[in-house]
Participant: 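Take a look at the following structure, please.
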Amino acid sequence: MPSCCCIKNKPVRSANSSWGAEPPRSPRGEPRPAGTAAMDIEKVNSMDFGEFVDVFGNVIERCPLIAAAVWSQRPFSGLEDLEKHFFAFIDALPPSGQEGILRCHPDLAGRELLRGALTAESLREQSGAGLTSLGAAERLRLAELNAQYRARFGFPFVLAARLRGREAVPRELARRLQCPPAQELRAALAEVKKIGRLRLADLLAGHPAPR
Ligand SMILES: NC(=O)N[C@H]1NC(=O)NC1=O
């Protein structure tokens, strides 16, 4: 894992620890990530560098460097503007950097899940998709497909699990295994952006997470 942009299991900032009995809900009614509170764009624009990276450092999985670069672009006019800066950073990277971002992602239903080493966001997405409760045969099938995919493309298979679900994961994996490498890099980066869009929408109040 490259050390320039990756963090291991970064704890989510505890911006609001007084939830009471019920955790806050996202615009789609899902619980917000543990330890985070919704905020508006004025609050985002008022953040100093450290706070911004703490809060947005895992919008792109284990790549806080991207949030660090995006902070310089403030003020942001809203969620879409903020998102645009995260995505522009990814698009401006050479393929080696884009592949590096993909390599910062844990496998779906992989070793890091079993070891309890996922980030809070990834765990929530994988468990929401039912990937934490697979039977042994399903887990084995996914492990085989993940290994084949990694051997073919040199980076892990990435899919926005929250938008799919457990049945779709092996199906999509088997399908994308057949794609040409350049097409597959584009497809994988599109999934990274979907994951980032959902994570950003969770963090900002009043913005329904797009599907
Ligand atoms: N491998 C992979 O797609 N991992 C990511 N997908 C997702 O929804 N959360 C993740 O961590």
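Counting starts at 1 for both ligands and their atoms, following the listed order.
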Participant: Counting from 1, what ligand 1 atoms have a heavy atom of P106 closer than 4.0 Å?
Facilitator: 1 (N), 2 (C), 4 (N), 11 (O)
Participant: Run the numbers for me: atoms of ligand 1, each under 4.0 Å from some heavy atom of V158, listed by number.
Facilitator: 1 (N), 2 (C), 3 (O)
Participant: Considering only heavy atoms of A161, which atoms of ligand 1 have at least one such atom less than 4.0 Å away?
Facilitator: 7 (C), 8 (O)
Participant: Could you identify the single nearest non-hydrogen protein atom to atom 6 (N) of ligand 1 and state the distance to 0.1 Å?
Facilitator: L159 O, 2.8 Å
Participant: Could you check whether D91 pairs with K84 (Lys NZ or Arg NE/NH1/NH2 to Asp/Glu carboxylate O, under 4.0 Å)?
Facilitator: no
Participant: Working to the nearest 0.5 angstrom, can you tell me the gap between R197 CZ and L163 CG?
Facilitator: 10.0 Å
Participant: To the nearest 0.1 Å, how far is atom 10 (C) of ligand 1 from its closest protein heavy atom, and which atom is that?
Facilitator: S122 OG, 3.5 Å
Participant: Is there a path of hydrophobic side-chain contacts, each under 4.5 Å between heavy atoms of I/L/V/M/F/W/Y residues, joining L114 to L145?
Facilitator: no
Participant: Just to confirm my output: which protein heavy-atom neighbour is closest to atom 5 (C) of ligand 1, and how far is it?
Facilitator: I195 CD1, 3.8 Å
Participant: Would E42 and S46 count as having a side-chain donor-acceptor pair, cut-off 3.5 Å?
Facilitator: no
Participant: Side chain to side chain contact (heavy atoms under 4.5 Å, CB included), that's the test. Do D40 and L204 meet it? Break it down for me.
Facilitator: CA-CA 6 Å; D40 59 25; L204 272 98; over 6 Å; no
Participant: Parallel, tilted or perpendicular: which one describes the rings of F56 and F86, with boundaries at 30° and 60°?
Facilitator: tilted
Participant: Which heavy atom of the protein is the closest neighbour of atom 9 (N) of ligand 1, given with residue, atom name and distance?
Facilitator: E125 OE1, 2.6 Å
Participant: Mind checking whether F157 has an N or O less than 3.5 Å away from an N or O of ligand 1?
Facilitator: yes
